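The next block holds one structure in the form of structure tokens; read it before the comments.
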Amino acid sequence: MQVPTRLDQYIETTKQQSFEKDFHLGWEHYETWEEATVGERAPASHTFTVVAEDIVSYNRACGETDPLYTDPEYALEHSPTGEVLQHPIFATTVGFYSVGSSGIGSWMRTPGARNPGQLIEINEPFREGEVITTTVTTRQKFIQRDKHYLTMFMEFHNQDGVLKGTWDCSLILPANKALIAQFVNA
Amino acid sequence: MTASTSRAPKAAPPVAPCFSEIDTGAELPPVELCCEQQVIDRYAVASLDMNPVHTNEEWAARAQVFGMPETVVHGMMTMSSLASVVTRSWGPVSANGGSVRFVDATFTKPVRVGETVVSTGVVKKKHYHGDGKNWVEVRVESRDTAGDVIGVANVGYNLPD
């Protein structure tokens, strides 16, 4: 599927340059609702090294214009942490980058998915230079009003084993590959 | 930057109120988000949530994931706007020791391109756990141009004593 080229103008970071933006590519390898096993726990495919540009890009996309959110040099002097302030939903970027395009949690890329709600908990903000490892646990799957809900629990630890935060990530999914194919081929 | 906010840029670090000084029912200033396609596009790139239901109008028209032939705003972008009601007032972390604990959001209606979403928040509950451990729960809701609720959230925030 063609990803609109107009999106290129918003690329600001090294991770955004290399990230596969076509979520239809390799969809056959995404874990499905039917395949997911509740209780399965595994590390996500990629670690996430926190760079200021990742945080600034997310902040700007959330409409932040205050230099405390957008200017690392200004933040060095004026921010309570000495780093740019970090929007609390920045964990979204960490999650999407870390979870791969196959295996546990890859269903978060599924065409046709719908978002019913999310819970993000923050123990402490990510810090520049930290290497974040995401551990994914398939937590729950159920059917309600003919909708297939799947939830994974993502734990974000830094290189010292400190739990920085968690994300209870839920989606309503097409249940199997045949149903996903209907969306992919729409 | 294309996402609009209700605040002008400021230079001072954010300061949160003290737990002892804030009352339930206290209102936080609203946050406004204009959901133009370019705002959604920027969010897609920054968040790495590149699901085409948000960015590819032709595919979205054919697939109709939400029963309508158009792209929609990311739920996570709505969640960000909900959280911003608290962080624009008190900061994700504050100069006096405050910080966001959690954001628990539910999405109730897809948000169409072109909508203006306004989010408002009220301090709902104070949780007293002793010095240095107190926090409040802020109830936030977002409404679209028609006035329909499109998302709600409880935001937990650690406050200085």
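Chain A is the first sequence line, chain B the second, and so forth, proteins listed ahead of strands; every chain is numbered from 1. Note that the structure is predicted; figures quoted are calculated from it, not measured.
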Next item on the list: Could you tell me whether a side-chain N or O of B/Asn51 sits under 3.5 Å from a main-chain N or O of A/Thr110, the two making a donor and an acceptor?
Entry: yes

Margin query: Please find the pair of heavy atoms, one from A/Phe96 and one from B/Ser47, that lie closest to each other, and give the distance.
Written below: CB-O, 3.7 Å

Next item on the list: Decide yes or no for A/Gln86 and B/Val100: does some side-chain heavy atom of the first lie under 4.5 Å from some side-chain heavy atom of the second?
Entry: no

Check: Looking at A/His87 and B/Ser80, what are the two nearest heavy atoms and their distance?
Finding: NE2-O, 3.1 Å

Check: Can you tell me how far CG of B/Asn56 sits from CG of A/Leu7, rounded to the nearest 0.5 angstrom?
Finding: 9.5 Å

Check: Under 4.5 Å between any side-chain heavy atoms of B/Met50 and A/Arg109, yes or no?
Finding: no

Check: Does the side chain of A/Leu68 come within less than 4.5 Å of B/Pro14's, by heavy atoms?
Finding: yes

Check: Among residues 15-43 of chain A, which ones touch chain B with a heavy-atom distance under 4.5 Å?
Finding: A/Gln16, A/Phe19, A/Lys21, A/Phe23, A/His24

Notebook entry, point to check: Of the listed residues (B/Val53, B/Asn154, B/Asp49), which shares the most heavy-atom pairs with chain A below a 4.5 Å separation?
Noted result: B/Asp49

Margin query: I need the A/Cys62 SG to B/Met79 CE distance, nearest 0.5 Å.
Written below: 11.0 Å

Notebook entry, point to check: So which pairs with a foot in residues 91-103 of chain A pass side-chain hydrogen bond (donor to acceptor under 3.5 Å, both in side chains), sequence neighbours left out?
Noted result: A/Ser98-A/Thr134

Item checked: Under 4.5 Å from a heavy atom of chain A, the part of B/Thr106 involved -> both

Item checked: B/Glu58 side chain reached by A/Gln2 side chain, heavy atoms, under 4.5 Å -> no

Notebook entry, point to check: Which of residues 170-186 of chain A get closer than 4.5 angstrom to chain B, counting heavy atoms alone?
Noted result: A/Phe183, A/Val184, A/Ala186

Check: So if you build clusters from Ile, Leu, Val, Met, Phe, Trp, Tyr with side-chain heavy-atom gaps below 4.5 Å, do B/Val152 and B/Leu33 land together?
Finding: no

Notebook entry, point to check: Any side-chain heavy atom of A/Arg114 sitting closer than 4.5 Å to one from B/Pro110?
Noted result: no

Checklist line | Cluster overlap B/Tyr157 with B/Ile22, hydrophobic side-chain contacts below 4.5 Å | finding: yes

Notebook entry, point to check: Going by heavy atoms in the side chains, are A/Phe90 and B/Pro92 under 4.5 Å from each other?
Noted result: no

Notebook entry, point to check: Top residue by heavy-atom pair count (under 4.5 Å) with chain A, among B/Val65, B/Leu48, B/Asp104?
Noted result: B/Leu48

Checklist line | Proximity breakdown for A/Pro125 and chain B, heavy-atom pairs closer than 4.5 Å | finding: side chain

Next item on the list: Taking all non-hydrogen atoms of both residues into account, name the closest pair between A/Pro4 and B/Thr55 and its distance.
Entry: CG-O, 3.4 Å

Margin query: Heavy-atom cut-off 4.5 Å, strictly under: side chain, backbone, both or neither for B/Thr78 against chain A?
Written below: neither

Check: Which of the residues B/Gly91, B/Ser84, B/Ala44, B/Ser99 is involved in the greatest number of heavy-atom pairs with chain A at under 4.5 angstrom?
Finding: B/Ser84

Margin query: Could you measure the distance from the CD1 atom of A/Ile122 to the CZ atom of B/Phe102? Nearest 0.5 Å is fine.
Written below: 10.5 Å

Next item on the list: Enumerate the residue pairs fulfilling side-chain hydrogen bond (donor to acceptor under 3.5 Å, both in side chains) with a member in residues 118-131 of chain A, sequence neighbours excluded, ordered by first and then second residue.
Entry: A/Glu83-A/Arg127, A/Asn115-A/Gln118, A/Gln118-A/Trp167, A/Glu124-A/Lys164, A/Glu130-A/Asn158, A/Glu130-A/Lys164

